[in-house]
Amino acid sequence: MAVPDDAASDRSDFVREQIQQDLAEGRVDRVQTRYPPEPNGHLHIGHAKAINTDFEIARDFGGTCMLRFDDTNPDTEDVSFVEGIIADIEWLGYEPTETLFASDYFDQLYEWAELLIRDGKAYVDEQDTETIRMQRGGYGNPGIESPYRDRSADENLDLFRRMRAGEFDDGAMVLRAKIDMQHENMQLRDPIMYRIRRGHHHRTGDRWVIYPTYDWAHGQSDAIEGTTHSLCSLEFDSHRPLYDWYLEQLPLPHERPHQYEFARLELTHTMTSKRKLAQLVASGVVEGWDDPRMPTLKGLRRRGYPASAIREFCSFIGIAKTNSRHQIELLESFVRTELNATAQRRMAVLRPLRLTITNWPTDDDGNPVVEHFEVANNPENEADGTRQVAFSGELFIEQDDFMADPPPKYFRLTPGREVRLRGAYLVTCTGYETDDEGEVTRVLATYDPDTRGGSAPDGRKVKSTMHWVSAAHAVPATVALYERLFTAEVPGEATGDPMDDLDHDSREVLTECRVEAALADTPAGEVVQFERIGYFAHDDRTPMLFHRTVGLRDEWANIQKRQG
RNA sequence: UGGGGUGUGGUGUAACUGGCAACACAGCAGAUUCUGGUUCUGUCGUUAGGGGUUCGAUUCCUCUCACCCCAACCA
């Protein structure tokens, strides 16, 4: 099993402690986990935590981790999901020891079902769904035993074989485990093991018309594969006694696996309901499962979230049994930390405002002089080297970087003030032009020729350094800015429907951006830092389209917020 | 209703199983800085509630409260 070793391996949690104890006391002599998705949808950030947990725990104990598809419901599953899940796990950076399918165990599961029938521990029930549900009791009502509960083993066997042979219609009968209709745990009130379904299965085709339920397939699959520690989410805790009961009835090829439950990952401003996510896609609120606003792994990837940042985040938050919701800001801080170290710096002007250097020289032919400056690709990493950026007398700066009448603590360009154009010169604002509506259309400034490279020989300081592009050398680009898809921290908390908290303006597309020429060479999918703005992912199919991964930390924004 | 699970700063996670409640994110203040970024320093603030055992309780006992899950022929 190959997994990256960037995650902390010295952390402790209730699962790791359990495993240590199992090892120490000789209950197991190896560790095997599995990640068991149903191939009926796309993986999202919540799944990343489960994947991280299963793979990292196995790695910490020198064990193995399988990828097993729990494909026991032909109605909802599809190969495209199998392929998507495999690709997403690989992207996340994990390599399963083996990729397996519960459907490969259908024969074994069937044999074991017959064994239970012969032992008098399972029976065929011919009642309909509604009746069975009513008889299960609950909400203060006692369970009622099915009239078919005490059939002979021979009769059950005959019926079950004919179920498999396709003699009965869908829903006509089911195989049930014979446990205890008065059990206080509802899961043990004669649970369904098999139902008749004529859907086409993505792997077994039409070979089967009966399909095992989750409970009858899951633990047995774990056991067949040799799973030692079966980790799942909290809502399965009441299934654990059933998990154990089934395994106790069967001759297993390995030691018995045990199930442990931990809390799912939830994030603020994020909704991970598969059905509702599908609704977002279907209604066109987002552009697809890989829309950069989606919490899917495909979406996060397109947005520019590094897989390593997602892994680090998952490892950091650890596993616990408390239902909780992590702040999306924490994930974002992991993304920034990773990108700060790795992303190449570039200059990009998102909302251009013309800046004219009025004392800029012309050459012998009367054309403005063009100079080239060498700037660092990443000040955090000298090995990333430098690049050349063209500079001349006509530039674009960010509209936000000039104010004719600035509020307190505004450090940027304003009439009379000197600032630095990053890597180039110190310039002083001498005036500005406006249109009929008073909008600033052009800023005028003079440069100090003695400050070439950006520092003054007399050592004077400026309060602000600003990014810029040369009007004649910059190239156009489209930049998509994203807000949170859901405005509420807990989508749906107020009304019960997450869709009520949807921000229908969560994407702003800027088409007039001017960016430095080097950005045209950015590989598809790569994330760069637009200096002073944020991290942006070059789209993987549309050249010169950039998605904002996450903004830089912005103290000025905080100041403005406080100023109201 | 029955059963199961969980409660620690604004948020999330820890605390050698009885011994100074810590780490991160967020916030605030300062230093550094050719990114209002980064980095560094400081600061803020926590054991759901009552009772009990104990020299000492987040930890043990007890009662109460709150929240989550199960009661599909989904997983």
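What you see is a predicted model, and the numbers here were worked out from it, not measured in a lab.
Of the residues in residues 190-203 of chain A, those lying under 4.0 Å from RNA chain B by heavy-atom distance are A:Ile192, A:Arg195, A:Arg197. Interface residues of residues 336-351 of chain A facing RNA chain B, ordered by number: A:Asn340, A:Arg345; criterion, heavy-atom separation under 4.0 Å.
Ranking B:U35, B:C73, B:U38 by closeness to the A:Arg553 side chain, first place goes to B:U38. Nearest nucleotide to the A:Glu38 side chain, out of B:U35, B:A75, B:U6: B:A75. The side chain of A:Leu552 approaches B:U35 more closely than any other nucleotide in the set B:C25, B:A75, B:U35. In this structure, the nucleotide among B:U6, B:U35, B:C25 sitting nearest to the side chain of A:Arg422 is B:U35.
Protein atom CD1 of A:Ile559 is 12 Å distant from nucleotide atom C1' of B:C28, rounded to whole Å. We find that CD of A:Gln327 is positioned 4 Å from C1' of B:U11, with the value rounded to whole Å. One interatomic measurement links the two molecules: CG of A:Asn73 to C1' of B:C74, which rounds to 6 Å at whole-angstrom precision. A:Phe411 has its CZ atom 10 Å from the P atom of B:G37, to the nearest Å. Rounding to whole angstrom units, NE2 of residue A:His269 and C1' of B:C25 are separated by 14 Å. A:Asn558 has its CG atom 13 Å from the C1' atom of B:A29, to the nearest Å. We find that CD of A:Glu332 is positioned 10 Å from P of B:A26, with the value rounded to whole Å. Regarding A:Leu242, its CG atom lies at a distance of 14 Å from the C1' atom of B:G3, rounded to whole Å.
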I'd like a list of close polar pairs between nucleotides 44-49 of chain B and the protein, N/O only, cut-off under 3.5 Å.
none

Short N/O separations, protein against nucleotides 68-71 of chain B, under 3.5 angstrom:
| residue | atom | partner | partner atom | Å |
| --- | --- | --- | --- | --- |
| B:C68 | O2' | A:Asn323 | ND2 | 2.9 |
| B:C70 | O2' | A:Gln187 | NE2 | 2.5 |
| B:A71 | O2' | A:Gly137 | O | 3.4 |
| B:A71 | N7 | A:Tyr139 | OH | 3.1 |

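For A:Asp170 and A:Ser455, each mapped to the nucleotide of RNA chain B holding its nearest heavy atom, the one lying further toward the 5' end belongs to A:Ser455.
With hydrogens and angles left out, the side chain of A:Arg412 and the base of B:G36 share a donor-acceptor pair within 3.5 Å. A donor N or O paired with an acceptor N or O is not found under 3.5 Å between the base of B:G37 and the side-chain atoms of A:Glu531. For A:Gln529 and B:U35, a side-chain-to-base donor-acceptor distance below 3.5 Å is present, hydrogens and geometry of angles not being considered. Taking only distance into account, the side chain of A:Glu329 never meets the base of B:G12 through a donor-acceptor pair shorter than 3.5 Å.
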Might you work through the ring pair (Phe, Tyr, Trp, His ring centres under 6.0 Å) test for A:Trp556 and A:Tyr410, ending with a clear yes or no? CA-CA 8 Å; A:Trp556 174 234; A:Tyr410 185 83; 5.7 Å; yes

Test A:Tyr246 against A:Trp216 for ring pair (Phe, Tyr, Trp, His ring centres under 6.0 Å), laying out the working first. CA-CA 7 Å; A:Tyr246 279 139; A:Trp216 174 243; 4.9 Å; yes

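Residue pairs meeting the side chain to side chain donor-acceptor pair (under 3.5 Å) criterion with at least one member in residues 233-242 of chain A, sequence neighbours excluded, are A:Gln187-A:His239, A:Asp215-A:His239, A:Ser233-A:Glu235, A:Glu235-A:Arg264, A:Arg240-A:Glu261.
In this structure, A:Tyr243 and A:His218 have tilted ring planes: the angle between them lies in the 30° to 60° band. Taking the six-membered ring where the residue is Trp, A:Phe316 and A:Phe334 present tilted rings, their angle falling between 30° and 60°.
Using a 90° window around 0 for the glycosidic torsion, B:A72 falls inside it and is classed as syn.
Taking side-chain N and O atoms only, A:Ser464 has no distance below 4.0 Å to OP1 or OP2 of B:U35. Between A:Arg275 and B:A75 there is no side-chain N or O to OP1 or OP2 distance below 4.0 Å. At B:G36, one or more side-chain N or O atoms of A:Arg532 fall inside 4.0 Å of OP1 or OP2 (strictly under the cut-off). Applying the 4.0 Å criterion to OP1 and OP2 of B:U13, one finds that A:Ser324 has a side-chain N or O inside that range.
Here A:Glu418 does not pair with A:Lys463 in a salt bridge; the nearest charged N to carboxylate O distance is not below 4.0 Å.
Remark: the backbone N or O of A:Ile179 is paired with a side-chain donor or acceptor of A:Asp190 at under 3.5 angstrom.
Base pairing in RNA chain B gives the following stems of 3 or more Watson-Crick or G-U pairs, range against range and under 3.5 Å: B:1-7 with B:65-71, B:10-13 with B:22-25, B:27-31 with B:39-43, B:48-52 with B:60-64.
Among the candidates A:Arg195, A:Arg151, A:Arg176, A:Arg133, the single residue satisfying the salt bridge (Lys or Arg N to Asp or Glu O under 4.0 Å) test with A:Asp125 is A:Arg176.
B:G36 has A:Trp556 stacked on its base ring, the centres lying under 5.5 angstrom apart and the planes within 30 degrees of parallel.
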